[in-house]
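What you see is a predicted model, and the numbers here were worked out from it, not measured in a lab.
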Amino acid sequence: EPHGCFEQTTSSNYPNLVLLSALRAQGADAAVLERAQTLAEKGFKRILSFQHSDGGFSLWGPKAAGKGATAPHYTAMGAAQLARYAALHNGQGTHALERALAWLKKQKKMSPGQRLYVAFSLADAGRSKDVDPKVFGHTPSSLYEKALQAAAMALAPEKVGDGRLELLLDQLIDAQGPTGLIKGSGQSVMRSYGGGLDTEVTALASIAFQAAQRPGPAIGAQEALLDTRRPEGGWYGTQATALAIRALTHLAKPSGAPKASPVTFQASGEQQSFRAQGVLVEGRHRPLTQRAHLGAVAPGETVQLALSHRAGEELRYSLRCSYRVSEVRDAAEAPYAFEVQTPAAISVGGAGTVSLRIQRRAKTRSVEGQLMLLLALPAGMELADLSEAAKTTGARRIERKGSQWAFYFEKAPAEASWTWRLDVKGVAQGHFKAGTSTIYPYYEPERIAFARARDLRVVGVGEPLPTGNGIAGQATQAGQATQAG
C-alpha cells in the first residue's frame, strides 16, 4: 500500500507496477490482478499529489513544502514511475510526465550523484532518449556512483562511448565479495547507508550486469540480495527494497509451463500434505508456502522441520521459519527506550489520553535521517485529531497504516527524553487486545524498540466505566489517581 513521504510512496509503489506488468504478461487470477491494479492506481494518484505547479516533485508535496523544496532525484523518481504507469495504462499520466521532464531539463545545479540518479531513472523507465550523455563523462567517486553510472549506461547503451561501460563492470566485479555482495561507503542520493547502501549498490550492479549480458556476476549479486533479505520480506529501507526487486525481476524470467509436484511438509510431528505449483527459474524455484501452527515453544526447545519432494527433476530448496515472539525485546542497538500508556477503559464517543514516553539510550549511535514510530492502539480507540497530534509530536506526517498509526519524522528530536500526550476517542464498543508499538531509525529498522499498550474495554454511551478489583478497574483507578495527583 503506497504510504508516507514521496520517497516512501514511490519506493513502495514500484513493486506494484512491477507485479502488475508481470501479472498482465503471464496471466493471473482475476482477484489478484484486480488487487494489483487497485494498488497501482492508488500509487499513481498519490504520486501526483507530490508534484508542484512547475512540474518538480518534493519530499512532502506542494502543500507542505517550502521554497526550493523540489529536488532533481525526487523528480526523476516521479518521472520514472509516471512513465511506467503510462506504458501500462495507454498513456495516462503523460502530461504530468512531460512537465517533470521539462523541469529536469531546466536544472543547472545538481550534484554528480543526482545527475547519475536522474540518468538511471529515465533509462530504467524506457526514456533513454531524455538522458543527457554528458553525465557519463563524470568520474565516479564511490562504488555507489560507479554502480549507478554502470546501470544507466547499460540501459542506455546508445549514449555511451566504447570501453567506458566495460571498465566500470570490471571494477564492480572486482569489488564483489565471495557472497556476491558489493559493500558501499558513505551515503546514497537517498541518504541510505550501512546495509541499505550495500543493497542499493549490489542491486544497481546486478541491473548493469544483466543488461550488459554478464550473467555470472549478475547471478552472484542476485544470490547476495536473496541472502540479505530481512525476515519480513523486504530489505533495509524502501529505496533498497525497490532497487532489489528491480534487480531480481530482471533475472526471474518464466521457464515454461508450471509443473505440479507433491510436497509434504512436517513440523514437530504435525504432518500436512498439499499440492502446489513450482516453477524452476534459472536454477531457482518460486517459494511454496505451507503454514503449520506449532503453538508455544519454550526457550531452548528444539523444533524439527522436514520437507520431502518427489519430481522428475532436481529441485534446489531451503526451509524458512517465521515466528511471533510472545515477549518482544528491544534490539541491543536500539537508540530509544519506548513506553506507551493508554486508558484501560473508555466509552463510545468518550475522550481519553495516550501517553508516549521515549528516552534516548546511553552509549548508542545517534540516529541519522528519518525516524519512524508506529503506534498500535486497541481497535476500539483512535486518535481524535491528527493535526493536533502532529503539532504535539512534531511529526511531518501521520497516517493510518493497517492497524497502526504511522508517525514520520524528518529527523530525531534532539532531547534526551520526551513525553507526548495525545487525545483519543472511543469508536466501537467491546473488548480489544492491544498491539505492539515500535520506534526505529527509518534506514536502520533492525535498531527497533517495542512498547505494548493496555488491552481496552469500550463501553456504551452512558454506561459507567469499570471499577473494582478487575484488571480494567485497577488500571482505570490507577489512571484516575495519577491524574488527580
Side-chain angles (χ1 to χ4, degrees), residues 1-13 46-47 49-50 57-66 69-71 74 190-192 196 237-239 330 334-343 351-361 364 366-379 381-425 427 434-445 447-453:
E1 186 87 29
H3 64 277
C5 66
F6 179 74
E7 180 194 340
Q8 293 154 359
T9 295
T10 52
S11 297
S12 58
N13 187 56
R46 190 176 178 93
I47 286 170
S49 70
F50 289 93
F57 286 82
S58 65
L59 186 64
W60 296 103
K63 293 183 179 179
T70 49
Y74 295 140
M190 295 300 175
R191 297 183 297 179
S192 302
T238 49
Q239 180 70 3
D330 294 350
Y336 302 108
F338 185 29
E339 180 182 325
V340 176
Q341 294 183 350
T342 59
T353 302
V354 170
S355 176
L356 281 68
R357 186 173 185 273
I358 303 166
Q359 184 170 3
R360 185 81 167 83
R361 292 183 188 271
T364 56
S366 60
V367 176
E368 298 184 39
Q370 297 185 47
L371 181 68
M372 188 76 174
L373 187 152
L374 296 175
L375 176 62
L377 298 177
M381 179 170 61
E382 64 181 29
L383 294 176
D385 189 323
L386 294 187
S387 61
E388 283 300 318
K391 290 180 182 178
T392 300
T393 61
R396 190 59 185 266
R397 180 178 296 205
I398 303 175
E399 64 184 10
R400 193 73 176 261
K401 189 176 180 182
S403 60
Q404 298 174 312
W405 298 88
F407 290 68
Y408 300 91
F409 299 88
E410 285 195 343
K411 60 181 180 179
E415 297 83 3
S417 65
W418 62 95
T419 300
W420 295 319
R421 291 179 175 83
L422 308 177
D423 293 334
V424 294
K425 60 183 178 182
V427 293
T436 301
S437 300
T438 58
I439 186 171
Y440 56 88
Y442 184 77
Y443 294 107
E444 295 182 289
R447 299 176 66 193
I448 193 169
F450 302 91
R452 189 176 180 87

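Sorted by first then second residue, the side-chain hydrogen bond (donor to acceptor under 3.5 Å, both in side chains) pairs that include residues 411-421, not counting sequence neighbours, number zero.
Taking 4.5 Å as the limit, every side-chain heavy atom of K425 sits out of range of all side-chain heavy atoms of M381. Residues I358 and L373 have side chains in contact (heavy-atom distance under 4.5 Å, counting atoms from C-beta outward). Looking only at side-chain heavy atoms (C-beta outward), Y440 and L374 come within less than 4.5 Å of each other. Side-chain contact between P335 and S366 is absent, with no heavy atoms from C-beta onward closer than 4.5 Å. At a threshold of 4.5 Å between non-hydrogen side-chain atoms, the residues W60 and F6 do not count as touching. A 4.5 Å side-chain heavy-atom check between T353 and V424 finds every atom pair outside the cut-off. Put simply, the side chain of L356 does not reach to within 4.5 Å of the side chain of S437, judged on heavy atoms. Here the side chains of Y336 and R361 are not in contact, with every heavy-atom distance at 4.5 Å or above.
Nearest approach of G352 to P343, heavy atoms of both residues: CA-CG, 4.5 Å. Considering all non-hydrogen atoms of both residues, A390 and I398 come closest at N-CD1, 3.5 Å. Minimum interatomic distance between A379 and V427 (heavy atoms only, all atoms of both residues): O-CG2, 4.0 Å. The two residues R360 and T364 come nearest to each other via the heavy atoms NH1-OG1, 2.6 Å.
Judged by distance alone, the side chain of R46 and the main-chain N or O of G4 form a donor-acceptor pair under 3.5 Å.
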Please test F338 against F450 for ring-ring contact (aromatic ring centres under 6.0 Å, His included), starting from the C-alpha separation and ending with a verdict.
-> CA-CA 6 Å; F338 185 29; F450 302 91; 9.3 Å; no

When you look at W405 and E399, which way does the side-chain contact (heavy atoms from CB on, under 4.5 Å) test go after all the steps?
-> CA-CA 6 Å; W405 298 88; E399 64 184 10; over 6 Å; no

For T10 and Y74, what are the C-alpha separation, side-chain angles and deciding distance, and is it a side-chain contact (heavy atoms from CB on, under 4.5 Å)?
-> CA-CA 9 Å; T10 52; Y74 295 140; over 6 Å; no

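Taking CD1 of I439 as the reference point, atom CZ of F409 lies at 7.0 Å (rounded to 0.5 Å). Rounding to the nearest 0.5 angstrom, the gap separating the OH atom in Y442 from the CD atom in Q239 is 9.5 Å. Considering CG of D423 and OG1 of T392, their distance stands at 7.5 Å, rounded to 0.5 Å. Note that CG of L59 is 5.5 Å distant from CD of E410, once rounded to the nearest 0.5 Å. To the nearest 0.5 angstrom, T70 atom OG1 is 14.0 Å from F50 atom CZ. How far OG1 of T9 is from NE2 of H3: 7.5 Å, rounded to the nearest 0.5 Å.
For the residue pair Q8 / Q370, a side-chain donor-acceptor distance below 3.5 Å is found, with atom types taken as modelled.
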